[in-house]
Amino acid sequence: MTEDIKKGLLGIVVDETEVSKVMPEINSLTYRGYAAQDLCAKCKFEEVAYLILNGELPSEKQLKNFEKVERKERNLSKTLLESIKNFPKKSHPMDVARTAVSIMGLEDKETKDNSPEANLRKVMRIFAKTPVALAAFYRIRKGKKIIKPKNNLTFSENFFYMCFGKVPEKEIVKAFDVSLILYAEHSFNVSTFTARTITSSLSDIHGAITGAIASLKGPLHGGANEEVMHMMNKIKKPENALNWINNALDQKTVVMGFGHRVYKSGDSRVPTMREYFSKVAKVKKDKKFEKIYDIVEKVMIERKNIHPNVDYPTGPTYHLMGFDTDFFTPIFVISRITGWSAHILEQHAANKLIRPLASYKGNSYRKVVPINQR
Ligand code: CMC
């Protein structure tokens, strides 16, 4: 009997969620009912992080308290800091993020406690410490002195400060904040599903986030923002873009930063990120990548009817901000910790072990021949 196989779980609804949805009626990604672009226009990242984790936008008092906790947790244990100093300098920062969260799990006194209250406390620690761990590695591998976090800076400002030693222009900080808002959550994507699958065995939140980071690393998921930059670097200048993309399509290359499992006629996050990419390019007085961007996008739509996803504009935006290319996906991590955590809490609240079936196509039954007779 041939079973009906849904490879890649294509089109399969496996559970319910209240965290986010792409709403077709407004053609937009929404978090807890709010359109992501509306949140970008009216909120800072911390408000959206609060919304995703707690279900409602914070009052001024609630936000102040949330920020107070996040800022208080911005420190690394001696063991974690020493470990990061000893990581191979050539490690991919995604592996650094994964290992750092795993070490946090070794150290956290509440690792075993899966109550919602304990999980929220652990989320705040992971959320606050992961950027600090990444920024420390950013400095260490360049042979520079680690910069301690500053408690009077916002989440985004502090990340720039810890990486570069200064807070950039407000337009740059806002563009970064917007990218974090757009990256924060996207329903049952592969890393979130990984986190929920790990949680479904009643494992702990550090393990679920560690697994989610490994899943996000792949180029078909979060790793695409780095691949976009590698592609733009290969293209080098706008004059080369048309030939490059036409050749790539002739050779049936998968062009990174394009296509999406859910959006088939355009990712609703792209127009917002495209606008902020342009603002950053203006501040940096560098329009080269915007020109390459437009040419590649036009050909992809004309020849394949495939539209860009959010990784397409974030790649060159982070490059213009001064980040090393292999830090683009780790930036995605520091934001997506919020979405993953909300799903982990949701999974714990109404858990069912995730255990699909497979259609077996291996050998039929056979007897074991002892080793001396094989
Ligand atoms: N470049 C060229 N062709 C493409 C692309 C692309 N980026 N995306 C899809 N196609 C083609 C694909 O070759 C296939 O053609 P055919 O039917 O002739 O074999 C058709 O479109 C359907 O593609 P698919 O891979 O079956 O679609 P999917 O829903 O399984 O894949 C995807 C979605 C995101 C994996 C895929 O579009 C892709 O590999 N994109 C490039 C990687 C990327 O940008 N990933 C980031 C995703 S969004 C942000 C995130 O989640 O992190």
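For reference, positions follow the sequence shown, starting with 1. In each ligand, atom 1 is the first atom listed, and ligand 1 is the first ligand listed. Excluded from the calculations below are hydrogen atoms, water molecules and symmetry mates; all remaining heavy atoms, backbone and side chain alike, are included.
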Ignoring hydrogens, just give me the one of His260, Lys252, His221 whose non-hydrogen atom is nearest atom 48 (S) of ligand 1. His260
Give the intermediate values and the outcome of ring pair (Phe, Tyr, Trp, His ring centres under 6.0 Å) for residues Phe160 and Phe323. CA-CA 9 Å; Phe160 278 105; Phe323 290 106; 5.4 Å; yes
For ligand 1 and Arg269, I'd like to know whether there is a polar contact (N/O to N/O, distance under 3.5 Å). no
Distance below 4.0 Å between atom 44 (O) of ligand 1 and any protein heavy atom? yes
Run the numbers for me: atoms of ligand 1, each under 4.0 Å from some heavy atom of Leu220, listed by number. 39 (O), 45 (N), 46 (C), 47 (C)
Considering the heavy atoms of Pro219, write down every atom of ligand 1 situated less than 4.0 Å from one of them. 42 (C), 45 (N)
Show which atoms of ligand 1 fall inside a sub-4.0 Å distance from at least one heavy-atom site of Val255. 1 (N), 2 (C), 6 (C), 7 (N), 41 (C)
For ligand 1, is there an atom lying under 4.0 Å from some heavy atom of Thr253? yes
Going by the atom numbers of ligand 1, which of them fall below 4.0 Å from some non-hydrogen atom of Met300? 1 (N)
Protein heavy atoms: any of them under 4.0 Å from atom 13 (O) of ligand 1? no
With Lys166 as the cation and Phe164 as the aromatic partner, state whether NZ or CZ is under 6.0 Å from the six-membered ring centre and within 45° of the axis. no
Asn189: heavy atom below 4.0 Å from ligand 1, yes or no? no
Would you call Arg121-Glu110 a salt bridge at under 4.0 Å N-O? yes
Can you name the atoms of ligand 1, numbered from 1 with element, that are less than 4.0 Å from a heavy atom of Met256? 41 (C), 42 (C), 44 (O)
Under 4.0 Å from atom 25 (O) of ligand 1, is there at least one protein heavy atom? no
Proximal ligand 1 atoms for Gly222, defined as those under 4.0 Å from one of its heavy atoms: 52 (O)
Any non-hydrogen atom of Tyr312 lying under 4.0 Å from ligand 1? no
Here's a test for you: under side chain to side chain donor-acceptor pair (under 3.5 Å), which of Glu226, Glu227, Arg336 qualifies with Thr329? Glu226
Determine whether the aromatic ring centres of residues Phe188 and His343 are separated by less than 6.0 angstrom. yes
heavy-atom search around atom 4 (C) of ligand 1 in the protein gives Ile306 CD1, 3.3 Å
Within ligand 1, which atoms have a heavy atom of Phe332 less than 4.0 Å away? 52 (O)
Tell me whether atom 22 (C) of ligand 1 lies less than 4.0 Å from at least one protein heavy-atom position. no
Stacked cation flag Arg71 on Phe155, 6.0 angstrom / 45 deg: no
Protein heavy atom under 4.0 Å of atom 10 (N) of ligand 1: yes
Option passing side chain to side chain donor-acceptor pair (under 3.5 Å) with Thr17 (candidates Gln347, Glu346, Glu185): Glu346
Can you confirm whether some protein heavy atom lies under 4.0 Å from atom 1 (N) of ligand 1, or whether none does? yes
Please tell me whether His92 and Phe137 form a close aromatic pair, meaning their ring centres lie under 6.0 Å apart. no
min-distance protein heavy atom vs atom 49 (C) of ligand 1 -> Asp311 OD2, 3.1 Å
Where is the nearest protein heavy atom to atom 15 (O) of ligand 1: which residue, which atom, and how far? Lys304 NZ, 4.9 Å
Do Ser191 and His221 have side chains that approach each other closer than 4.5 Å (heavy atoms only, starting at C-beta)? yes
Lys/Arg N to Asp/Glu carboxylate O, Lys217 vs Asp95, below 4.0 Å: yes
Option from Val333, Ile344, Asp204 for which side chain to side chain contact (heavy atoms under 4.5 Å, CB included) with Ile209 holds: Ile344
For atom 41 (C) of ligand 1, the protein heavy atom that lies nearest, with its residue and separation: Phe258 O, 3.3 Å
Please report the shortest heavy-atom distance between Thr210 and Val101, naming the atom on each side. OG1-CG1, 3.7 Å
Atom 34 (C) of ligand 1: which protein heavy atom is closest, and how many Å away? Gly259 O, 3.9 Å
Closest protein heavy atom to atom 27 (O) of ligand 1, given as residue, atom name and distance to 0.1 Å: Lys264 NZ, 4.3 Å
Is at least one protein non-hydrogen atom found at under 4.0 angstrom from atom 37 (O) of ligand 1? yes
Nearest protein heavy atom to atom 47 (C) of ligand 1, by residue and atom, and its distance? Asn309 ND2, 3.6 Å
Evaluation steps, ring pair (Phe, Tyr, Trp, His ring centres under 6.0 Å), between Tyr293 and Tyr312: CA-CA 8 Å; Tyr293 180 106; Tyr312 191 51; 4.1 Å; yes
Quick note on ligand 1: atoms under 4.0 Å from a heavy atom of Gly257 include exactly 43 (C), 44 (O)
I need the nearest protein heavy-atom contact for atom 28 (P) of ligand 1: residue, atom name and distance, please. Arg261 NE, 3.6 Å
Between Phe258 and His307 (judged by ring centroids, cut-off 6.0 Å), do the two rings come close enough to count as a pair? no
Salt bridge check: are Lys150 and Glu157 linked by an N-O gap of less than 4.0 Å? no
How many angstroms lie between atom CG of Asn119 and atom CG of Leu345, to the nearest 0.5 angstrom? 5.5 Å
